[in-house]
Participant: 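There's a structure below that I have some questions on.
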Amino acid sequence: MSQALPYMKLIKHDSIRKHKALNKQYEYILHEYEFKRHFVSVFDGWLCREDYYKLLVSVGKEEQQNRNTVMHAFSMSLANEYELLNFNCDYSNNELFFKRFESIEEINQHMSIQPTYGEFEFSVLIPELDAWYVAGDEDTHSFILKDLSKVEILSNIARKYGLFLFSDT
C-alpha cells in the first residue's frame, strides 16, 4: 500500500474494507469514467455572451459578495446535513486517500475561498449522495453524480437558497 502524502491525515476506518469501499465508490475520479455533471448556480442556466458581460464581467463588488455568501451558505448546508470528505489522489497506485474534517470550522474555512477564473478552490466528496462537489468559477459550482436519483435532493436544497440546479446537456 502506498504512503499518503505527509499533509494528508487519513481517516481511521473500522476496517480496511471501508477504505476499499470508498475507493470503489469514487474510482471514476482516478479513471475519468463518463459522468454527468450538474451545476448549482445563482443563474438558471448558461449565460449568453451579452448576459455574461452584464452579469459577470460588470458585476459590482457588493453583488458579487452577496453571490459568494449565498453559494457559501449552500455549501455549508451540505456540511451540516451530510458527511463531507476531503481526498487526495495517488494516480501511480490508482488509490484515493480520504480525510475527515475535524470540525465544522475546518469545513467552513475549506469552503470559504472563492475560486478565480478557470480554477476551483475546493473539492469534496459526499458519500451519502455518491457525489463529488467541486467549487467552480463564475458563481457556479458542480456536482459529479453517479446516482442521478440524488438530483432532486440537491435541487431542493439549492432552491432553499434561491439557487438553480441544471445539467450539462
Side-chain angles (χ1 to χ4, degrees), residues 5 7-8 25-26 28-30 32-89 91 96 98-169:
L5 295 177
Y7 60 86
M8 284 300 289
Q25 183 177 0
Y26 290 103
Y28 62 91
I29 294 172
L30 294 168
E32 298 182 28
Y33 287 131
E34 294 267 331
F35 49 78
K36 185 165 181 86
R37 285 185 187 266
H38 285 78
F39 301 90
V40 62
S41 180
V42 298
F43 307 114
D44 62 357
W46 300 118
L47 301 176
C48 66
R49 187 174 298 210
E50 181 181 312
D51 286 343
Y52 179 87
Y53 182 78
K54 183 171 58 174
L55 297 172
L56 286 172
V57 176
S58 300
V59 69
K61 189 174 182 175
E62 185 176 328
E63 174 61 23
Q64 187 59 58
Q65 184 56 44
N66 289 339
R67 292 175 185 178
N68 293 350
T69 298
V70 170
M71 292 297 287
H72 184 69
F74 169 79
S75 297
M76 290 306 296
S77 75
L78 294 172
N80 287 319
E81 185 71 27
Y82 302 101
E83 177 184 39
L84 303 183
L85 300 177
N86 199 352
F87 67 99
N88 193 10
C89 300
Y91 291 102
L96 298 167
F98 307 94
K99 178 189 177 291
R100 270 197 186 100
F101 292 96
E102 299 289 324
S103 65
I104 198 72
E105 291 80 18
E106 184 182 0
I107 295 171
N108 184 45
Q109 182 177 9
H110 182 74
M111 295 201 285
S112 288
I113 302 169
Q114 293 301 314
T116 58
Y117 184 77
E119 305 180 340
F120 67 87
E121 289 294 336
F122 68 82
S123 175
V124 295
L125 304 176
I126 311 171
E128 190 174 341
L129 298 178
D130 202 9
W132 178 14
Y133 180 43
V134 181
D137 53 13
E138 301 174 351
D139 303 316
T140 303
H141 296 184
S142 65
F143 287 96
I144 293 86
L145 301 170
K146 283 177 54 180
D147 181 357
L148 297 181
S149 70
K150 307 300 184 187
V151 170
E152 190 61 32
I153 293 169
L154 293 169
S155 184
N156 289 336
I157 297 169
R159 277 194 296 271
K160 288 179 188 176
Y161 290 87
L163 299 171
F164 302 92
L165 192 76
F166 56 94
S167 71
D168 58 357
T169 55

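Worth knowing before you read on, the calculation uses all heavy atoms, side chains too, and leaves out hydrogens, waters and symmetry mates.
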Participant: Between F143 and L129, does the side-chain contact (heavy atoms from CB on, under 4.5 Å) criterion hold? Intermediate values first, please.
Facilitator: CA-CA 10 Å; F143 287 96; L129 298 178; 5.8 Å; no
Participant: If you take all heavy atoms of S123 and H110, which pair is closest and at what distance?
Facilitator: O-NE2, 4.0 Å
Participant: Do side-chain atoms of N108 reach the backbone of I104 as a donor and acceptor pair under 3.5 angstrom?
Facilitator: no
Participant: Assess the residue pair L154 and V40 against the criterion (side-chain contact (heavy atoms from CB on, under 4.5 Å)); give the C-alpha distance rounded to whole Å, side-chain angles, the decisive distance to 0.1 Å, and a yes or no.
Facilitator: CA-CA 9 Å; L154 293 169; V40 62; over 6 Å; no
Participant: Where do I153 and I157 land on the side-chain contact (heavy atoms from CB on, under 4.5 Å) test, with the steps shown first?
Facilitator: CA-CA 6 Å; I153 293 169; I157 297 169; 4.2 Å; yes
Participant: Suppose we call two aromatic rings close when their centres sit under 6.0 Å apart. Are F39 and F166 close by that rule?
Facilitator: yes
Participant: Rounded to the nearest 0.5 Å, how far apart are NE2 of H72 and OH of Y161?
Facilitator: 10.5 Å
Participant: For Q65, does its backbone N or O pair with a side-chain atom of T69 as donor and acceptor, under 3.5 Å?
Facilitator: yes
Participant: Do M111 and L84 have side-chain heavy atoms sitting under 4.5 Å apart?
Facilitator: yes
Participant: Going from OG1 on T140 to CG on L47, what distance comes out if it is rounded to the nearest 0.5 angstrom?
Facilitator: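 Reported to 0.5 Å precision, the distance equals 7.5 Å.
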Participant: Can you measure from OH (Y133) to CZ (F122) and round to the nearest 0.5 angstrom?
Facilitator: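 The OH atom of Y133 sits 4.5 Å away from the CZ atom of F122.
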Participant: Evaluate M71 against S75 for side-chain contact (heavy atoms from CB on, under 4.5 Å), listing each step before the verdict.
Facilitator: CA-CA 6 Å; M71 292 297 287; S75 297; 5.6 Å; no
Participant: If we only count heavy atoms from C-beta on, is the N156 to K160 side-chain gap below 4.5 Å?
Facilitator: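 A side-chain contact under 4.5 Å is absent here.
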Participant: Any chance you could measure R100, atom CZ, to I107, atom CD1, to the nearest 0.5 Å?
Facilitator: 11.0 Å
Participant: Roughly how far, to the nearest 0.5 Å, is CD of Q25 from CG of L85?
Facilitator: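 Here the rounded value is 9.0 Å.
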Participant: Does some side-chain heavy atom of E138 sit less than 4.5 Å from a side-chain heavy atom of F43?
Facilitator: no
Participant: At what distance, to the nearest 0.5 angstrom, does NZ of K99 lie from CG of N88?
Facilitator: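 It is 11.5 Å, given to the nearest 0.5 Å.
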Participant: Between Q64 and N68, do the side chains contain a donor N or O and an acceptor N or O under 3.5 Å apart?
Facilitator: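 Looking only at side-chain atoms, Q64 and N68 do form a donor-acceptor pair, the distance falling under 3.5 Å.
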Participant: Looking only at heavy atoms, what is the nearest atom pair of S142 and R37, with distance?
Facilitator: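 Shortest heavy-atom separation between S142 and R37 comes out as OG-NH1, 3.2 Å.
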Participant: Tell me whether Y26 contacts the main-chain N or O of A131 through its side chain, where contact means a donor paired with an acceptor under 3.5 Å.
Facilitator: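 A pair under 3.5 Å: yes.
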Participant: Do S41 side-chain atoms and D139 backbone N/O form a donor-acceptor pair below 3.5 Å?
Facilitator: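 Checked: pair present.
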Participant: What closest approach, in Å, do L55 and R67 show between heavy atoms, and which atom pair accounts for it?
Facilitator: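 The answer is O-NH1, 2.7 Å.
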Participant: So does E102 get a backbone contact from the side chain of E106, meaning a donor-acceptor N/O pair under 3.5 Å?
Facilitator: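 Side chain of E106 to backbone of E102: a pair is present.
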Participant: Taking F74's backbone N and O only, do any of them form a donor-acceptor pair with S77's side chain (distance below 3.5 Å, no angle check)?
Facilitator: yes
